[in-house]
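Have a look at the structure below, then the notes.
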Amino acid sequence: MTPFLRALRPHQWTKNLLVFAALLFSKHLFEPEPFLRAFLAFVAFCGLAGAVYLWNDVADVEQDRLHPKKRKRPIAAGELSIRTATLGAVALVALSLSLAFWLEARVGLCALLYLCLNLAYSFGLKHVVILDVLSLALGFVLRALAGGLVIDAPVTEWLLVMTLLLALFLGLAKRRHEITSLGEGASSHRAILAEYSPYLIDQMTSVVTASVVTAYTFYTLSPETVQKFGTAKLSWTLPLVLYGIFRYLYLVHQKDQGDSPTDLLLTDRPLLATVALWVILVIAIVYTAHGAATPLGVPR
């Protein structure tokens, strides 16, 4: 893999699979046209994510060189020049935004907001306690929202709330790992870490964890959901959600992992199997129930 492609961190693009959430729950997952539109939106957000990673690495090149893992990144290691990375990021932004606006104006707006939010994070918000993790979580919400807009399907408040809470859960776990793994040198690598402590993050994580489980339980059992899908069996997926969350907390607290949620998901077999089983079970329940597919608007 070339240094430029590695700098785009393609393994991190799995986060953009959130674009397919609305497609899945609207019962149009296996229809060619909606799937293609969602896939193109996924491509657009992958391009933007890659550009953001390039800009982040350019901005943090000196700090990354002090980090035991990040110093191996292409820009920090000197394998990719800052000029090439910057020009590549600009090209990716132009192509990705053009694709997003071509798909749908509102999708383009979500993509633009996503880009602006990430730039605000890179050059300011990452230095503001609490707002740093909130801004990252909102980036996930924008991706979920774009996934509904691109196929002209209504995006429920449940999806947006659970996306926000789950993203906060992962973001806080990452902050905790950074503090514990870097020790006394944590604040020299990332100044904002001086504002956090393992105890504070554990308290915040407890609140968010309970909120995720409560919101998901209420969603699966709500009369609105039961009426929409024609079944209450979505609650059967709750044990998988509980196991996945507990497994992640175990890996963060007992195995000192969590610096990259994506890497953890792709390398921990029990966690990967849990997510795969959840997806399979949701598809089996939703697509075999008697509820009708969500009507889609006329694509623009």
Side-chain angles (χ1 to χ4, degrees), residues 1 5-21 23-25 29-30 35 38-39 42 45-46 49-50 53 67-70 72-73 133 136-137 139-140 143-144 147 159 162-182 198 201-202 205-206 208-213 215-217 219-220 233-288:
M1 192 180 297
L5 185 57
R6 283 193 290 115
L8 297 180
R9 299 178 215 172
H11 63 288
Q12 297 283 358
W13 296 350
T14 52
K15 298 173 183 177
N16 298 315
L17 290 173
L18 264 173
V19 169
F20 293 96
L23 183 69
L24 169 64
F25 286 100
L29 181 62
F30 302 107
F35 183 87
F39 177 76
F42 168 78
F45 275 93
C46 286
Y53 287 135
H67 193 278
K69 290 185 178 180
K70 294 181 180 180
K72 298 177 182 180
R73 290 176 176 173
V133 289
L136 291 175
F140 284 84
R143 281 176 276 202
L159 175 61
M162 286 187 290
T163 298
L164 177 66
L165 291 173
L166 186 57
L168 279 174
F169 171 80
L170 297 175
L172 290 170
K174 182 175 181 179
R175 284 289 182 269
R176 190 185 197 284
H177 179 271
E178 289 175 327
I179 291 175
T180 56
S181 64
L182 295 174
I201 292 180
D202 288 346
T205 302
S206 296
V208 172
T209 302
S211 300
V212 170
V213 175
Y216 188 79
T217 302
Y219 167 70
T220 60
K233 293 179 181 178
L234 268 181
S235 59
W236 294 3
T237 63
L238 182 58
L240 291 173
V241 172
L242 288 170
Y243 177 80
I245 290 175
F246 292 158
R247 175 71 185 180
Y248 199 91
L249 289 172
Y250 163 76
L251 293 172
V252 170
H253 287 266
Q254 298 298 113
K255 298 299 182 180
D256 194 28
Q257 300 181 40
D259 58 324
S260 173
T262 303
D263 290 346
L264 204 55
L265 173 62
L266 297 177
T267 57
D268 184 70
R269 291 183 179 180
L271 194 58
L272 182 59
T274 301
V275 174
L277 285 173
W278 179 84
V279 172
I280 293 171
L281 188 56
V282 166
I283 291 175
I285 292 172
V286 170
Y287 286 77
T288 59

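Numbers here are sequence positions counted from 1. All values reported here derive from a predicted model rather than from experimental measurement.
- Atom SG of Cys46 sits about 4.0 Å away from atom CG of Asn16, to the nearest 0.5 Å.
- Under the 4.5 Å side-chain criterion, counting only non-hydrogen atoms from C-beta, Thr205 is in contact with Leu249.
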CA sep, side-chain torsions, deciding dist, call: Trp13, Leu8, side-chain contact (heavy atoms from CB on, under 4.5 Å): CA-CA 9 Å; Trp13 296 350; Leu8 297 180; 3.9 Å; yes
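- Of the possible polar contacts, none joining the Trp278 side chain to the Gly244 backbone as a donor-acceptor pair under 3.5 Å is found.
- Nearest heavy-atom pair, Ala137 versus Leu164, reported as atom, atom and distance to 0.1 Å: CB-CD1, 3.7 Å.
- Here the closest heavy-atom approach between residue Leu265 and residue Leu272 is recorded as O-CB, 3.4 Å.
- Note that NZ of Lys15 and CZ of Arg9 are 8.5 Å apart. Values are rounded to the nearest 0.5 Å.
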Stepwise side-chain contact (heavy atoms from CB on, under 4.5 Å) test for Tyr219 and Leu234: CA-CA 9 Å; Tyr219 167 70; Leu234 268 181; 4.2 Å; yes
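- Here the CZ-OG1 distance, from Arg175 to Thr180, works out to 12.5 Å after rounding to the nearest 0.5 Å.
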Derivation of the side-chain contact (heavy atoms from CB on, under 4.5 Å) call for Leu136 and Lys174: CA-CA 12 Å; Leu136 291 175; Lys174 182 175 181 179; over 6 Å; no
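- Between Phe39 and Phe35, the angle of the ring planes stays under 30°, which puts this pair in the parallel group of the 30/60° scheme.
- Between atom CG of residue Leu29 and atom CD1 of residue Ile283 there is a gap of 5.5 Å, rounded to the nearest 0.5 Å.
- Interatomic distance, Thr274 OG1 to Leu281 CG, rounded to the nearest 0.5 Å: 12.0 Å.
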Verdict with supporting geometry, Val282 and Trp236, side-chain contact (heavy atoms from CB on, under 4.5 Å): CA-CA 9 Å; Val282 166; Trp236 294 3; over 6 Å; no
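- Residues satisfying the side chain to side chain contact (heavy atoms under 4.5 Å, CB included) test with Ser235, not counting sequence neighbours, are Thr220, Leu221.
- Annotation: cation-pi pair Arg143/Phe140 present, NZ/CZ under 6.0 Å from the ring centroid and within 45° of its normal.
- With contacts defined as side-chain heavy-atom distances shorter than 4.5 Å, the pair Arg6/Arg73 does not qualify.
- Applying the side chain to side chain contact (heavy atoms under 4.5 Å, CB included) rule to Leu170 yields the partners Tyr248, Pro261; only residues at least two apart in sequence or on another chain are considered.
- When side chains are defined from C-beta on, Leu242 counts as touching Phe246, because their heavy atoms get closer than 4.5 Å.
- The six-membered or imidazole ring of Phe20 lies near that of Phe42, with a centre-to-centre distance under 6.0 Å.
- Minimum heavy-atom separation, Leu168 to Val133: CD2-O, 3.8 Å.
- With hydrogens and angles ignored, the 3.5 Å screen pairs no side-chain donor or acceptor of His11 with any backbone N or O of Thr262.
- Taking the side chain as every heavy atom from C-beta outward, Asp268 and Pro270 approach each other to under 4.5 Å.
- Leu264 contributes atom CG, which lies 5.0 Å from atom CG of Leu251 (distance to the nearest 0.5 angstrom).
- Within the 4.5 Å cutoff, the side chain of Arg176 has heavy atoms near those of the Val252 side chain.
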